[in-house]
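To start, the structure under review is shown below, and the notes come after it.
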Number of protein chains: 2
Amino acid sequence: MTKELSVVGKRLPRPDAPAKATGGARYTVDIKLTGMLVGKVLRSPYPHANILKIDKSEAEKLPGVEAVITVEDVPKKRFNSYLSDLLVADATVKGDKQDEHVLSDKARYVGDAIAAVAAVNEEKAEDALKLIKVEYEELPAVFNPVEAMRPEAPKIHDFDEGNVIHKSYPLYQGDMEKGFQEADYVVEATFQTTKQKHCPMEPSACVASFDASGRVTIWSGCQMPHIGRRKIADIFDIPEGKIRWLTPPASGGFGSASSVRAEPICVALAQKSGKPVKLEYTREEEFVATISRQPVAQAGKIGVKKDGTITALQTKLILNGGAYFSHSRSSAMVSMNMFFALYRCPNIAAEADIVYTNSPVAGEMRGYGNPQAMFVLEQLVDMVAEKLRMDPVEFRLKNYKGVGEPSWMPTIPITSCALEECLELGAEKIGWKEKRARKKEGMVRRGVGVAINAHVSGAAPLLLEHSSVFIKLNEDGSANLVVGVGETGQGILGGLAQIAAEELGLRYEDIHVVAGDTDITMFDVGSHASRSAYVTGNAVLLAAREAKERLLKRAAKMLELSPDELDVRESQVYIKAAPKKGLSVAEIARDAIYNFRQDCLQISGTSSFEPKGSPPPFQAVFAEVEVDTETGEVRVLKIVIAHDIGRAINPATVEGQLEGGVMQGIGYTLIEDFIVDTGTGVTITDNFTTYKIPAALDAPEIEIILVEKPDPTGPFGAKSVGETAMISIAPAIANAIYDAVGVRITELPITPEKVLTALREKGK
Amino acid sequence: MTKELSVVGKRLPRPDAPAKATGGARYTVDIKLTGMLVGKVLRSPYPHANILKIDKSEAEKLPGVEAVITVEDVPKKRFNSYLSDLLVADATVKGDKQDEHVLSDKARYVGDAIAAVAAVNEEKAEDALKLIKVEYEELPAVFNPVEAMRPEAPKIHDFDEGNVIHKSYPLYQGDMEKGFQEADYVVEATFQTTKQKHCPMEPSACVASFDASGRVTIWSGCQMPHIGRRKIADIFDIPEGKIRWLTPPASGGFGSASSVRAEPICVALAQKSGKPVKLEYTREEEFVATISRQPVAQAGKIGVKKDGTITALQTKLILNGGAYFSHSRSSAMVSMNMFFALYRCPNIAAEADIVYTNSPVAGEMRGYGNPQAMFVLEQLVDMVAEKLRMDPVEFRLKNYKGVGEPSWMPTIPITSCALEECLELGAEKIGWKEKRARKKEGMVRRGVGVAINAHVSGAAPLLLEHSSVFIKLNEDGSANLVVGVGETGQGILGGLAQIAAEELGLRYEDIHVVAGDTDITMFDVGSHASRSAYVTGNAVLLAAREAKERLLKRAAKMLELSPDELDVRESQVYIKAAPKKGLSVAEIARDAIYNFRQDCLQISGTSSFEPKGSPPPFQAVFAEVEVDTETGEVRVLKIVIAHDIGRAINPATVEGQLEGGVMQGIGYTLIEDFIVDTGTGVTITDNFTTYKIPAALDAPEIEIILVEKPDPTGPFGAKSVGETAMISIAPAIANAIYDAVGVRITELPITPEKVLTALREKGK
């Protein structure tokens with residue numbers, strides 16, 4: 001680590017940037033294949049209904065229509081569209097609830113996919129949809145999870161459990177009774193979070209094409225193409241090797257692309273029609289027919305001694321999973337783990353009820369249960385600190401778990417932690433002490449709040465967690481880095497290129513990344529759980545190391561020296577004892593391939609990397625807000641986000657992730673609200689007119705602090721950043737609002753109405 | 001070799017067959033990219049002219065036209081479109097004549113590319129061509145190479161040498177004078193071969209697209225994508241790593257796709273317009289603007305003793321290279337080498353004049369100089385055997401060079417040879433003795449003839465010769481074999497899959513081949529010089545061996561045994577001592593990738609293979625013909641072709657190559673004639689109406705004999721087949737005609753007119 005870095009740590013342009021900035025990037029929707037059909041989906045207008053009969057004969061007769069499919073035409077096997085379902089390590093919960101069909105056997109929410117068509121163009125496909133006659137038998141529907149838990153509630157699935165899939169899914173340690181008895185102060189409260197949508201700019205899209213040998217190629221900007229391949233293999237009973245999954249660039253994933261979305265229906269249409277099919281969701285379909293973050297009703301309780309020691313921590317969740325199970329169990333589990341990951345506490349208990357309702361499906365979204373947990377925990381902590389008359393920053397500094405203590409996975413200790421630095425630097429930048437101390441008066445009042453979090457750098461050992469990488473040297477001295485992750489906008493490919501360049505000793509511009517084609521990339525879990533920089537990054541490091549060894553061996557032969565006497569930097573192999581002498585990598589690479597003395601070979605490297613754990617990145621978020629006490633309106637003036645990155649492979653990319661996360665966090669906190677009409681089951685907020693997300697002009701001043709304390713297990717010390725940025729925005733803002741006006745809002749989004757109501761309640 | 005083979009040697013379906021048979025295969029012309037333009041080329045109407053001025057302003061103004069280019073817009077650097085030009089090992093002849101521009105600076109033949117356009121559709125592009133005003137200064141033209149050699153001939157290029165590029169390019173050994181003095185009989189004759197066209201079903205086509213970072217992707221069914229990438233790199237001064245060359249399936253190459261064709265102009269148009277461009281040649285352009293086989297005027301002379309010992313062999317070639325140099329030097333060199341490759345002879349001499357004319361360019365075609373050499377040699381041998389009253393088969397058996405003797409590369413001995421078996425089995429099948437002995441009488445007379453050849457299994461050590469291969473195991477137990485050669489119709493991918501399956505112990509259907517994408521495949525010279533089965537095949541063998549070692553290591557761990565105790569066959573790993581016990585490859589592969597005890601990895605293998613030599617396959621061809629003495633018409637009744645394959649990886653594919661070659665040989669012998677009007681320079685035979693090739697109904701009875709005597713250096717003993725099949729068809733037919741009617745035709749094609757004329761001459 002003492003060697004000076006020449007590529008890692010630099011603010012280098014992302015390889016995907018030029019194409020995206022110039023409009024040259026080609027997304028899934030840009031794919032055109034000869035004879036390609038357009039797919040369309042018929043969706044249920046009822047939130048809950050039996051399907052008595054479907055007559056598709058008229059649709060099939062329409063000229064230009066090549067396939068009309070219903071549940072009768074798709075595999076009988078049930079599945080879970082959540083990809084990581086295949087990765088669960090714990091045998092006792094292996095295979096999350098399998099409750100979906102490619103097309104539904106029953107309408108369970110407004111938007112449930114009932115039938116699909118493939119036709120020569122969009123117009124014909126739309127016409128065909130209108131000709132499908134579905135006879136529904138309407139059933140009573142339920143949208144509220146508490147109501148859905150009642151024995152008399154309409155049963156959405158035929159499972160024994162009724163609508164409650166996981167009653168009291170437990171996580172506990174110590175003695176709760178004793179814990180709360182020992183406490184001098186106990187605080188408890190209940191909270192409600194919302195059904196946030198990922199809102200990538202590109203709605204789900206897929207192209208599927210079978211060849212004459214029965215092999216299928218799928219184009220889709222999936223976050224986890226290798227796992228997607230296996231999912232399709234499982235659903236359609238096609239061996240993995242007969243599926244090729246290609247990932248065109250995706251315009252954002254945020255967890256939405258870690259499930260199969262349009263792919264199963266698209267594959268079924270391609271299979272039925274025997275032709276390539278493109279299935280592109282409309283924005284409205286994207287809203288109703290793909291997953292959202294899980295809305296959670298959550299109670300939290302904390303007990304502390306007078307000296308600030310936490311004696312007990314308890315939480316209970318009711319998670320509205322929507323009509324299908326998706327990621328519900330693992331999100332709840334991670335949420336509970338994260339609730340206990342931050343602070344030392346001997347007595348902990350959590351339980352979660354995961355409930356089916358007749359609403360669009362909830363699943364994975366950036367943060368994966370952690371934003372919900374932190375919205376609860378980080379407000380409870382402030383509430384109890386207030387009782388102790390202790391500064392919230394001090395309280396956190398006293399209680400947080402650091403190096404050597406158990407991480408979010410209690411069996412695996414924390415390997416690095418810069419939370420103290422994050423809290424101290426962040427407090428300094430926001431002007432914590434002065435601003436907390438200032439008087440809160442006038443119509444418009446300002447306040448500051450803090451919230452922290454720890455997250456993951458991959459899912460080990462909870463889920464399967466490994467990556468393999470291939471690298472080869474071209475004759476011009478550049479290298480092609482072949483990785484199984486795709487670019488979903490997070491900037492991973494540039495980061496991996498920087499790791500490869502640094503380790504192999506090449507210039508950054510000499511690394512060409514080839515990504516996300518399952519036929520040619522070695523296995524990689526993909527991009528989820530903030531894992532790629534850490535896990536794939538480590539695999540890149542090892543493959544580059546092998547290629548470097550071979551490069552130096554070749555150079556040593558050419559220079560008649562031993563490889564030990566050489567090193568490589570900025571695409572130059574140099575003699576350590578005489579650093580100005582040596583050969584360029586291009587000379588060596590060209591000699592390896594274009595050597596005319598019968599001494600040729602291809603320099604390459606391969607690797608597999610599987611981590612034992614997942615070093616948590618820590619983070620402190622400070623928010624300054626302005627609250628209008630007459631209108632209830634909250635303006636976020638400034639966010640300071642101090643992040644324990646271990647090593648910023650590319651500080652600009654890390655900052656980009658954090659900035660984006662701040663905005664997504666602000667949307668979650670103040671604006672975004674997914675509304676299902678509880679009369680009709682119709683999603684009212686199914687486009688950007690009704691479902692607002694923050695835009696550039698809504699951005700506050702954002703100050704980012706990257707604290708670099710290299711993690712011993714990370715590539716060049718790196719830990720993750722992807723999910724963290726939005727996790728603690730909501731509690732930081734809620735705590736700042738409390739600081740400003742003394743009201744605590746426990747229900748998202750924090751609208752002016754809720755603030756005004758709280759102010760009025762307080763005023764009474 | 002004693003182990004029983006389970007995949008190699010089987011008649012298995014080719015992986016490319018289903019798509020091609022069902023119309024599902026997607027060729028370069030099927031590629032559709034967003035915003036893609038259509039390219040068109042303006043070609044010279046004059047065989048020889050200076051270009052005084054080009055006014056492209058009107059064309060540029062036409063709406064929908066995005067680029068108009070001339071020699072002014074393309075790189076100044078001259079190049080040779082012949083790809084193997086980059087592979088020449090001999091430093092003294094390195095870099096064959098560099099005499100081409102992307103667009104010409106002068107018109108040197110009718111069809112020379114003068115300008116090109118890219119427009120939104122074909123109509124606009126055609127319109128634009130008409131608006132380009134070219135001011136030509138016509139120059140005297142020369143079409144006959146003998147005339148072109150005269151000092152006063154119009155000079156086609158500005159080089160010092162005039163039109164004769166290689167005066168007396170020499171190859172000699174021993175003492176010619178002494179050799180002919182020692183001979184009891186000397187025979188000499190002159191021969192003329194033709195400008196045969198490759199005639200793949202798909203004319204040259206290319207798509208080129210630059211991305212915003214300046215990286216270009218090229219789609220073209222090139223035989224040698226890695227070398228094509230370097231050629232484009234050299235021409236356009238783009239580093240190789242910034243070029244991705246993808247090879248959609250090509251509908252036949254036969255050597256036409258071992259040069260760049262439409263690619264340089266297409267790349268130039270894409271570069272100029274900044275948009276993707278598709279450039280597809282018409283059949284007429286394919287005829288005039290891509291290479292053909294070299295027409296050769298060749299004298300041959302042989303001296304023998306009464307006992308049949310050859311004392312001297314001499315030949316002189318005048319090779320009509322056409323307007324640009326292309327492959328002329330190396331074709332002439334191989335032709336001369338092959339002239340001396342077959343028979344023991346202490347005194348040999350050859351020289352070649354390679355001449356520019358104002359005709360379409362000649363270059364590589366299947367056989368690469370060998371068909372021309374054999375047309376001469378194998379008739380001379382029959383002529384001299386007749387003088388000796390020796391059976392032509394006996395003469396050949398007495399004189400051919402076998403194992404341990406010098407091969408076509410005198411420094412490298414022959415490692416295996418089954419020519420004796422080929423001659424004996426072939427003679428038996430055609431009924432040689434009886435048919436030679438029968439009386440030749442009546443209007444329609446039958447005769448039999450024989451001719452032999454030896455060829456190459458790769459170009460080592462003449463040209464750079466190596467291949468690298470990557471293989472990875474999927475979780476279903478199948479393997480992806482990633483190779484740098486493309487499928488140009490020869491069936492190579494199936495053969496390589498068989499080699500991989502056999503060595504790795506998988507079933508054939510469990511090998512998925514990914515081919516011909518320079519971004520992901522390791523370096524491979526490509527498919528030329530009959531090299532892929534031998535060279536890439538050996539690389540596949542080594543990569544599969546490495547993957548197998550890793551597979552058995554993993555299996556051994558699972559079974560708690562040593563890898564030595566295990567082997568794998570038909571996708572089952574078995575315990576040698578108890579062959580019914582073990583694990584399926586799928587179980588092992590799935591455990592490697594989906595192991596939940598933190599013991600995962602990706603099983604893979606890589607290899608580089610570079611041969612020291614190129615084991616020649618030998619071949620004997622027997623032809624039976626019927627000659628109508630009144631019309632001169634020749635009917636080929638039967639061809640028996642006995643081929644020394646070493647090991648037939650897939651006998652069906654080998655037979656397919658041989659059958660196709662027989663037909664191409666029959667076309668060469670009897671029908672195909674490329675005619676350039678010596679007044680105007682216009683190619684008269686520029687489509688399939690005027691240039692006839694044999695069709696299925698023209699096929700004689702073809703009997704194929706595969707002699708399998710494994711070569712010690714080949715993959716499972718394999719040598720090559722690709723080029724050989726057409727090499728000796730013409731001399732075998734010519735010898736059979738002589739047997740039937742006693743006239744010897746030395747000029748191709750052997751038309752009824754020539755036969756009749758010869759019969760009349762003989763009758764005088």
Side-chain angles (χ1 to χ4, degrees), chain A residues 15 17-22 24-26 30 32-34 86-91 211-215 230 233 239-242 460-461 464-466 468 470 472 474-480 482 510 512 514 517 519-523 593-596 598-602 604 606 608 610 612, chain B residues 15 17-22 24-26 30 32-34 86-89 91 211-215 230 233 239-242 244 460-461 464-466 468 470 472 474-480 482 510 512 514 517 519-523 593-596 598-602 604 606 608 610 612:
Chain A
K20 286 176 178 168
T22 57
R26 294 287 166 254
D30 296 313
K32 296 174 183 177
L33 301 178
T34 302
L86 296 167
L87 307 181
V88 177
D90 181 351
D211 71 16
S213 73
R215 209 157 182 266
R230 177 156 173 207
E240 285 89 342
K242 298 195 90 175
L464 190 85
E465 186 55 278
H466 63 114
S468 291
F470 171 67
K472 65 151 185 159
N474 298 306
E475 57 267 47
D476 63 354
S478 67
N480 282 25
V482 184
D510 286 341
H512 307 296
V514 183
D517 171 354
D519 253 15
I520 52 153
T521 62
M522 304 212 285
F523 184 84
I593 288 180
Y594 284 95
N595 174 296
F596 291 96
Q598 295 208 308
D599 186 23
C600 288
L601 56 82
Q602 165 76 67
S604 69
T606 58
S608 291
E610 184 178 42
K612 295 290 169 211
Chain B
K20 287 177 178 169
T22 57
R26 294 287 166 256
D30 297 314
K32 295 176 186 177
L33 302 178
T34 302
L86 296 167
L87 307 181
V88 177
D211 70 19
S213 73
R215 210 157 182 265
R230 177 156 173 207
E240 285 90 341
K242 297 194 91 175
R244 181 178 202 166
L464 190 84
E465 186 56 280
H466 63 113
S468 290
F470 171 67
K472 66 153 186 159
N474 298 305
E475 57 267 46
D476 62 353
S478 67
N480 283 24
V482 183
D510 286 340
H512 308 296
V514 183
D517 171 354
D519 253 14
I520 52 152
T521 62
M522 303 213 283
F523 184 84
I593 287 180
Y594 284 95
N595 174 297
F596 291 96
Q598 294 206 308
D599 186 22
C600 288
L601 56 82
Q602 165 75 68
S604 68
T606 58
S608 291
E610 184 178 41
K612 295 292 167 208

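Fair warning: this is a prediction, and the values are worked out from it, not measured in the lab. Computed over heavy atoms, backbone and side chain alike; hydrogens, waters and symmetry mates excluded.
In terms of non-hydrogen atom pairs under 4.5 Å with chain A, the most contact-rich of Cys600(B), Ala212(B), Ser608(B) is Cys600(B). In terms of heavy-atom pairs under 4.5 Å with chain B, the best-connected choice from Pro18(A), Gly241(A), Gly477(A) is Gly241(A). Counting heavy-atom pairs closer than 4.5 Å to chain A, the top residue among Asp517(B), Thr606(B), Leu87(B), Thr34(B) is Thr34(B). For the set Lys32(B), Glu465(B), Gln602(B), Arg26(B), the entry with the most heavy-atom pairs within less than 4.5 Å of chain A is Gln602(B). Chain B forms more heavy-atom pairs under 4.5 Å with one residue of Ala89(A), Ser478(A), Ala460(A) than with any other, namely Ala89(A). The residue among Lys20(B), Lys242(B), Arg244(B) with the most heavy atom pairs within less than 4.5 Å of chain A is Lys242(B).
Using a 4.5 Å heavy-atom threshold, the side chains of Ile593(B) and His466(A) count as touching.
Judged purely by atom type and a 3.5 angstrom limit, Asn474(A) has no side-chain atom pairing as donor or acceptor with the backbone of Glu240(B). Glu610(A) contributes a side-chain N or O that, together with a main-chain N or O of Asp599(B), makes up a donor-acceptor pair within less than 3.5 Å. Side-chain N or O atoms of Asp211(B) include none that pairs as donor or acceptor with a backbone N or O of Ala19(A) at under 3.5 Å.
In this structure, chain A has a heavy atom under 4.5 Å from the backbone of Asn595(B), while its side chain stays farther away. Both the backbone and the side chain of Asp30(B) come within contact range of chain A, with heavy atoms under 4.5 Å apart. Only the side chain of Thr22(B) comes within less than 4.5 Å of a heavy atom of chain A; its backbone N, CA, C and O stay farther away. With a 4.5 Å cut-off on non-hydrogen atoms, Ser604(B) touches chain A through its side chain but not through its backbone.
Aromatic ring pairs are classed by plane angle as parallel below 30°, tilted from 30° to 60° and perpendicular above 60°; the pair Tyr594(A) and Phe523(B) is perpendicular.
Pairing each heavy atom of Asn480(A) with each of Asp519(B), the nearest pair is ND2-O, 2.8 Å.
With rounding to the nearest 0.5 Å, the separation of CG in Asp476(B) from CZ in Arg230(A) is 10.5 Å.
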